[in-house]
Amino acid sequence: MPFTLATWNINSIRLREGQVARLLQEQAPDVICLQECKSPVDKIPTETFAELGYRHMIARGDKGYNGVAILSRLPIKEVGAQDFAALGHARHIAGELENGVVIHNFYVPAGGDVPDREVNEKFGQKLDYLTEMRDWFHSDRPEKSILVGDLNIAPREDDVWSHKQLLKVVSHTPIEVEHLAETQDAGGWVDITRQDIPEGQLYSWWSYRARDWDAADKGRRLDHIWATTDIANAGHSSRILRDVRGWERPSDHAPVFASFDL
DNA sequence: ATGGTAGATCGTCTA
């Protein structure tokens, strides 16, 4: 069964309900994973999505912060929601499709501004979150699984506009990249986006603070689609919908897509 | 070195 998957940090699902609907209508993914919904689950506008055929939703929410949701045209059963680093935040949910494929949707902590856990507690929490992800996948190695989300790390030199200028900027520091690589290795995860698009600059996020984000193009690839090795070769057609970042009152993240023939 | 913008919520935190 071929299916198409999207991941998008929406930065308020209630404010951008119409943009989610537009993306679903224009691109028709079978499953979309959203992060930063910034809404209690019971205030997510599910009726709008159901009318478009997305009748299944699993979600976790905090009031005003965080929040992850999976909208699906296919039946999906929740199979867990981890609270790594004991933050008490809605940053993970996992669901299983009827074909047995498990989908993990993550919103990894951003980590604050200073890349030093001695002076910035949030940076330590980010590293701890990744370490606990690693240990979890190591103790229970995933199979037939897809992991997506805003991982808040751009691992490769060509995942940022300037490797040299971002080496000390949270999201691209060597220690974060190392932690992410360990998490990836522990689960046997393959980076599907880079499997499909191995060369060249690739970004999924551009700061709101730029005067002209498109012209400056100081982006980072913070949003990822991974799959376990047993299904990685079924992945194809990866793309990042940069145009969506140019919609009116946009999220600062563009949606990332991949398709799988399973 | 600093400040720039956005969202939830309504002073301030988070990104």
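Lettering of chains follows the sequences in order, A, B, ..., and the numbering in each one begins at 1.
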Most 5' of A110(A) and K38(A) on DNA chain B, judged by nearest nucleotide: K38(A)

Please tell me if R209(A) has a side-chain N or O lying less than 4.0 Å from either OP1 or OP2 of dT2(B). no

Taking the C1' atom in each of dT14(B) and dC10(B), what is the distance between them to the nearest angstrom? 16 Å

Would you tell me whether T7(A) and Q35(A) have side-chain atoms, one donor and one acceptor, within less than 3.5 Å of each other? yes

Does R211(A) or I13(A) map to a spot on DNA chain B nearer the 5' end, using the closest nucleotide for each? R211(A)

Would you kindly give the CD1-to-P distance between I10(A) and dA8(B), to the nearest whole Å? 11 Å

Whole-Å distance between dG7(B) P and N66(A) CG? 17 Å

Using a heavy-atom cut-off of under 4.0 Å over every strand shown, decide if R249(A) touches base, sugar-phosphate, or nothing. sugar-phosphate

For nucleotides dT2(B) and dA6(B), find the distance between their P atoms and express it as a whole number of Å. 23 Å

Hey, do the aromatic rings of W136(A) and H104(A) have their centres closer than 6.0 Å? yes

Whole-Å distance, N9(A) CG to dA6(B) C1', equals 12 Å

Starting from P on dG4(B), measure out to CH2 on W206(A) and report it in whole angstrom. 24 Å

Whole-Å distance between dA8(B) P and Y65(A) OH? 11 Å

Within this structure, what is the CG-to-P distance between D113(A) and dC13(B), rounded to whole angstrom? 14 Å

For D261(A) and H236(A), does a side-chain donor sit closer than 3.5 Å to a side-chain acceptor? yes

Can Y208(A) and N11(A) be counted as having a side-chain donor-acceptor contact under 3.5 angstrom? yes

How close or far is atom P of dT14(B) from atom CG of N11(A), stated in whole angstroms? 15 Å

Does K63(A) make a side-chain N or O approach to OP1 or OP2 of dA8(B) shorter than 4.0 Å? no

To the nearest Å, how far apart are K126(A) NZ and dA15(B) C1'? 11 Å

Heavy-atom count around E26(A) CD within 6.0 Å, excluding the residue itself: above 12? yes

Strictly below 4.0 Å: does R16(A) bring a side-chain N or O up to OP1 or OP2 of dA6(B)? no

Distance between the C1' atoms of dG3(B) and dA15(B), in whole angstroms? 15 Å

R245(A) near the nucleic acid: base, sugar-phosphate alone, or nothing, with a heavy-atom cut-off under 4.0 Å? nothing

